[in-house]
Amino acid sequence: MKKISNELLKTYYWIMLLFTAFSISALVSFSIFLWRENEKDIQTVEKFIDYELSEFEYKEELKKLSDEELFKTALEEAPKIQDVYIEFFYRGKKYTRPPYLPDREHNFLDYYSITKTYQPKGYESIEVKITKRFAKNRLLILYTFGSFIFFLLVCLFIISRIQKRFSKKFENSLDKLKMFTQDYNLDSEIRIHNEENFIEFSILQKTFKNMLIRLKEQSQMQIDFVNNASHELKTPIFVLKGYVDMLNDWGKNDKEVLDESLIVLKKEIQNMQDLTEKLLFLAKSKNLVVEKKSVNLDTILKETIDNLNFAYPDQLINYSSSEIFIDSDDALLRLLFKNLIENAIKYGNNSPVNVILEKGKRIKVIIEDFGLGISKEALPHIFERFYREDEARNREIKSYGLGLSIVNEILSLLDIDIQVDSELGKGTKITLEM
């Protein structure tokens, strides 16, 4: 695993490398520019010498001058360019002008020279040497390069100091974070330490705290789920065992007891099957794939009500409908309506249940009963798993507190809004909007 401090230092080095490459390119470009400017100076003098020596052939007044006067005149008329030296060599003598070029061997770093030989008509061979002194330019380049090296070293020193300082602060913050994470578990009260160096570590602490809170909530939900499921299964298992023991001891020989036992056993097995199916649905609901297609809400509601009329033959269900088609999942809609209408029947206290399907700006399904109702304190919790407002009443009704949890999962999957209006002792009205 890479360390952030090393990666940051590597980034600094890359920046310095790019800066160095750019600076070297700039120095090279500057050196080339100075070299070309020096060449231009020499070319300027060279062109003048070509012109001046060409006059030696056709200007009669020049031919009357002595050699010294002739070359003195040529040197005086030559362009005066700083650090450019002109030397004429004629008949074994050298003619030049001040400032004089040092009479010693010249190295190529400090001087650049060109030598040309001319043969004007009426004169012997004339040798001309033009020299450009580079010393000042070379010093300028060296000073610039030296300044760059010094600046680069200073930058490297500063970067090294910054990296060490950053690394120390980072390691301190990291150690605090390690201690913070090691000190807590799901049952601890989490307190966030003040982070003075890096706000990112404060964010990590808050994220860790939120993660522990969510894990604690999930863990508690799992514990509650197991405890509630065990509690709900314990009673029917106890009943089953009691009747089986009774039949095994003496009841199998008594036809009346046998028939009664079979009815109770069948009923308890059905209750256990219903509970198991609901638990399995809730366990798999997060991975369910919604298969949407065009469905007739009127048909689904009618068939659901018919099935419930068969299961509850004494229950009156009033249905007001209109034919409405939507894109949704047929099976999930049937399960949704079955749970809501069956809830209204169970808690309706034998009063009629009204089911209304209507279409306005949005499609609405209204399910209304006039039974026990729900208290204001219980309303926020009705969709929680295994929640039951009155344990004794729910035990009598055979409710496990899972129906509305299933409803809530289906609402989320199908993107349906729900509104619950209820008053204790007067009934409940549920409105679905889709």
Step by step, would you call L333 with I410 a side chain to side chain contact (heavy atoms under 4.5 Å, CB included)?
-> CA-CA 8 Å; L333 282 175; I410 296 173; over 6 Å; no

Passes side chain to side chain contact (heavy atoms under 4.5 Å, CB included), F157 versus V154? Steps please.
-> CA-CA 5 Å; F157 174 76; V154 170; 5.7 Å; no

Please test I366 against V355 for side chain to side chain contact (heavy atoms under 4.5 Å, CB included), starting from the C-alpha separation and ending with a verdict.
-> CA-CA 6 Å; I366 301 170; V355 180; over 6 Å; no

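By the side-chain contact (heavy atoms from CB on, under 4.5 Å) test, V28 pairs with I24, I32, sequence neighbours left out. When the ring-ring contact (aromatic ring centres under 6.0 Å, His included) test is applied to Y118, no partner is found at least two apart in sequence or on another chain. In this structure, Y58 has no side-chain hydrogen bond (donor to acceptor under 3.5 Å, both in side chains) partners at least two apart in sequence or on a different chain. Shown here are the side-chain contact (heavy atoms from CB on, under 4.5 Å) partners of K302, two or more places apart in sequence or in another chain: D298, Y319, S321. Contacts of K364 classified as salt bridge (Lys or Arg N to Asp or Glu O under 4.0 Å), with partners at least two apart in sequence or in another chain: E433. Taking F370 as the reference, nothing meets the ring-ring contact (aromatic ring centres under 6.0 Å, His included) condition, with sequence neighbours excluded. Scored by the side-chain contact (heavy atoms from CB on, under 4.5 Å) test, N349 finds L372 as partners (sequence neighbours excluded). Residues passing the salt bridge (Lys or Arg N to Asp or Glu O under 4.0 Å) test with E303, sequence neighbours excluded: R334. For N354, the side-chain hydrogen bond (donor to acceptor under 3.5 Å, both in side chains) partners are N318, not counting sequence neighbours. Partners of D306 by salt bridge (Lys or Arg N to Asp or Glu O under 4.0 Å), not counting sequence neighbours: none found.
Between S351 and Q315 the shortest heavy-atom distance is O-NE2, 2.8 Å. Closest approach of S422 to T428, counting heavy atoms only: OG-OG1, 2.8 Å. Of all non-hydrogen atoms in S375 and L424, the two that sit nearest each other are N-CD1, 3.8 Å. Of all non-hydrogen atoms in T304 and I300, the two that sit nearest each other are OG1-O, 2.7 Å. The two atoms that bring T131 and S113 nearest to each other are OG1-OG, 2.9 Å, heavy atoms only.
Looking at I126 and F56, their side chains come closer than 4.5 Å, going by heavy atoms from C-beta outward. The closest side-chain heavy-atom distance from N343 to I367 is not below 4.5 Å. Between I363 and L432 there is no side-chain heavy-atom pair separated by less than 4.5 Å.
Residue pairs satisfying the salt bridge (Lys or Arg N to Asp or Glu O under 4.0 Å) criterion with at least one member in residues 27-56, sequence neighbours excluded, are listed as follows: E37-K40, D41-K132, E46-K116, D50-K116, E55-K59.
Considering V365, L411, I418, L414 in turn, V365 is the only one that fulfils the side chain to side chain contact (heavy atoms under 4.5 Å, CB included) rule with M434.
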For residues 74-94, which side-chain N or O atoms pair as donor and acceptor with protein atoms under 3.5 Å away, sequence neighbours left out?
unit_1	atom_1	unit_2	atom_2	d
K80	NZ	E76	O	3.2
Y90	OH	E124	N	3.2
R91	NE	E124	OE2	3.4
R91	NH1	D67	OD2	3.1

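The pair R362-D417 counts as a salt bridge, with a side-chain nitrogen and a carboxylate oxygen less than 4.0 angstrom apart.
For CD of E291, the number of neighbouring non-hydrogen atoms (other residues, nucleotides, ligands) closer than 6.0 Å is 12 at most.
A distance of 10.5 Å separates CZ of F325 from NZ of K359, quoted to the nearest 0.5 Å. Interatomic distance, CG of D369 versus CD1 of I345, reported as 10.0 Å (0.5 Å rounding). The OH atom of Y95 sits 9.0 Å away from atom CG of L70, with the distance rounded to the nearest 0.5 Å. The line from CZ of F71 to OG of S66 is 10.5 Å long, rounded to the nearest 0.5 Å. Going from atom NZ of K292 over to atom CG of L413 covers 10.0 Å, rounded to the nearest 0.5 Å.
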